Amino acid sequence: MLVGIAALVYTLAVAAPDAQERPARAPETDQTVPVSRGTRLAVDNYAGEVLIHTWDKDALRVQARHQARTQITIRAANSAVSISAATPGGPNGSVDYDITAPAWMSMKVEGQYSFVTIDGAQGDVSVVTVRGDVILKGGSGPVSAKTIEGEIVVEGARGKVDLRSVNEGIKVTGATGDITAETTNGDITLARIESGNVSLATVNGDIAYDGRVADSGHYSFTTHNGSVALSVPDNANATFNIRTYNGDFSTNLPLQGPDRSEARRGKRVTYTLGNGSAEVEMESFGGSLRVRRPARIPAH
């Protein structure tokens with residue numbers, strides 16, 4: 001009897017493939033429209049996921065998964081293509097978009113409960129959502145992202161970056177160009193950055209910066225209830241203006257200036273590295289300030 005039960009279990013396991021191996025549900029909407037150079041993309045999605053890829057075709061493909069009663073509208077007018085959804089006779093449900101657009105296309109995505117991912121856009125990118133994460137990969141145009149309840153992640157951006165959140169953190173990796181990032185309740189982390197103009201501010205969170213400090217550059221790092229940690233090369237030329245009220249300051253770089261004990265109780269203290277060309281502002285009310293050499297990865 002036990003052998004029979006074991007054989008039955010094995011048969012069911014073979015007959016029922018893992019859910020992850022099942023093919024994805026076919027989209028209810030799948031439409032491709034031609035677009036001319038200079039056309040902008042605007043997506044308005046109340047709830048759901050918006051995933052945008054890029055290709056080298058002058059065409060826009062829109063795939064969407066949604067309720068049967070939901071209608072997707074793709075409208076071209078005034079050098080723009082707008083995409084929206086509506087459910088006749090009822091409230092709007094969630095729509096999951098998988099859009100393939102020309103890499104040159106400028107993009108604007110708005111929503112209430114939208115999770116947005118854009119990969120490879122070369123034009124301007126703007127994302128505004130109330131609740132949902134925002135992930136932006138690659139691209140060479142200006143980037144703007146705003147969310148209230150969501151994390152913002154930017155990877156490999158090559159243009160101006162402007163990021164705003166309220167109740168989540170912000171992460172930027174491998175970016176070049178001016179960077180502004182602000183949040184209220186979250187950490188801000190920047191790594192492998194090549195920029196001459198960086199401004200980071202949070203109220204309840206830590207700030208970590210690992211990147212270049214360019215000659216004549218301007219850098220500002222401010223937190224109220226958190227710490228600031230900078231990873232700066234030895235050969236940087238910078239003037240560090242330090243202020244902390246309830247924390248301390250430490251460094252393993254050859255900074256020139258007063259004794260480290262002076263950087264406490266809210267007193268503004270200035271240190272220099274090299275010729276002091278760049279201006280670096282560091283301020284925290286409730287945390288420590290650190291300036292360190294970049295961590296070295298041991299050779300294998």
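A quick note: this is a predicted structure, and the numbers were derived from the prediction, not measured. Positions are given from 1, in the same order as the sequence printed here.
Residues Arg290 and Asp248 are paired through a salt bridge, judged by an N-O separation under 4.0 Å between the basic side chain and the carboxylate. Residues Asp30 and Arg61 are paired through a salt bridge, judged by an N-O separation under 4.0 Å between the basic side chain and the carboxylate. A salt bridge is absent between Arg192 and Asp210; no separation between the charged side-chain nitrogens and carboxylate oxygens falls under 4.0 Å. The existence of a salt bridge linking Glu281 and Arg268 is confirmed by a sub-4.0 Å separation between a basic side-chain nitrogen and an acidic carboxylate oxygen. Contact check on Glu151 versus Lys171 returns a salt bridge, with a Lys/Arg side-chain nitrogen under 4.0 Å from an Asp/Glu carboxylate oxygen.
The ring-ring contact (aromatic ring centres under 6.0 Å, His included) analysis of residues 170-209, with sequence neighbours excluded, yields the pairs Tyr209-Phe221.
Side-chain atoms of Ser277 come within 3.5 Å of backbone N or O of Ser216 as a donor-acceptor pair. Between the Arg293 side chain and the Leu253 main chain, no donor and acceptor come within less than 3.5 Å of each other. Checking side-chain atoms of Arg69 against main-chain N and O of Pro88 turns up a donor-acceptor pair under 3.5 Å. Remark: the backbone N or O of Ser199 is not paired with any side-chain donor or acceptor of Ser220 at under 3.5 angstrom. Under the 3.5 Å distance criterion, the side-chain polar atoms of Ser84 are left unmatched by any main-chain donor or acceptor of Asp44. Put simply, the side chain of Thr184 never gets that close to the backbone of Thr202: no donor and acceptor are under 3.5 Å apart. The backbone N or O of Ala103 sits nowhere less than 3.5 Å from a side-chain atom of Thr54 that would complete a donor-acceptor pair. Side chain of Ser165 to backbone of Gly150: a donor-acceptor contact under 3.5 angstrom is found. At distances below 3.5 Å, at least one donor-acceptor pair connects side-chain atoms of Asn45 with backbone N or O atoms of Val95.
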Practice task
Check the pair Val127 / Ile118 against side-chain contact (heavy atoms from CB on, under 4.5 Å), numbers first and verdict last.
Solution key: CA-CA 10 Å; Val127 178; Ile118 300 176; 3.9 Å; yes

Practice task
Check step by step if side-chain contact (heavy atoms from CB on, under 4.5 Å) holds for Asp96 and Asp98.
Solution key: CA-CA 7 Å; Asp96 292 330; Asp98 190 339; over 6 Å; no

Practice task
I would like to know whether Thr29 and His66 meet side-chain hydrogen bond (donor to acceptor under 3.5 Å, both in side chains); could you show each step before the answer?
Solution key: CA-CA 8 Å; Thr29 297; His66 50 79; 2.8 Å; yes

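Counting only heavy atoms from C-beta outward, the side chains of Ile170 and Thr189 never approach each other to under 4.5 Å. Side-chain contact between Glu149 and Val166 is absent, with no heavy-atom pair separated by less than 4.5 Å. Val81 places a side-chain heavy atom less than 4.5 Å from the side chain of Val35. Inter-residue side-chain proximity for Glu155 and Val153 is flagged as met; some heavy-atom pair is nearer than 4.5 Å.
Atom-to-atom distance recorded for Phe115:CZ and Arg131:CZ is 9.0 Å, nearest 0.5 angstrom. Of the inter-residue distances, the one linking Asn204 atom CG with Asn185 atom CG reads 5.0 Å to the nearest 0.5 angstrom.
Side-chain contact annotation: Ser140 with Gln122, donor-acceptor N/O pair under 3.5 Å present. Inspection of the Ser250 and Arg292 side chains reveals an N or O donor paired with an N or O acceptor under 3.5 Å. With hydrogens and angles left out, the side-chain atoms of Thr70 and Thr87 include a donor and acceptor closer than 3.5 Å. Side-chain atoms of His224 and Ser284 form no donor-acceptor pair, as typed in the model, at a separation below 3.5 Å. Under 3.5 Å, the side chains of Thr180 and Asp162 contain no donor-acceptor pair of N or O atoms.
Under the 4.5 Å side-chain heavy-atom criterion for ILVMFWY residues, a single connected hydrophobic cluster contains both Val269 and Leu230. Under the 4.5 Å side-chain heavy-atom criterion for grouping Ile, Leu, Val, Met, Phe, Trp and Tyr, Ile135 is not connected to Val130 through any hydrophobic cluster. Tracing side-chain contacts under 4.5 Å through hydrophobic residues (I, L, V, M, F, W, Y), one never reaches Tyr46 starting from Val109; they form parts of separate clusters. Linking Ile, Leu, Val, Met, Phe, Trp and Tyr whenever their side-chain heavy atoms come within less than 4.5 Å leaves Ile148 and Ile188 in two separate clusters. Residue Val62 is grouped with residue Leu41 when hydrophobic side chains (ILVMFWY) are merged at heavy-atom distances under 4.5 angstrom, including chains of intermediate members.
Atom CG of Asn78 has 12 or fewer heavy atoms from other residues, nucleotides or ligands within 6.0 Å.
Taking both residues in full, the closest heavy atoms of Glu168 and Thr183 are given as O-OG1, 2.8 Å, listed atom of the first, atom of the second, then distance. Taking both residues in full, the closest heavy atoms of Ser36 and Trp104 are given as O-CH2, 3.0 Å, listed atom of the first, atom of the second, then distance.
The aromatic ring centroids of Phe240 and Tyr271 lie 6.0 Å or more from each other.
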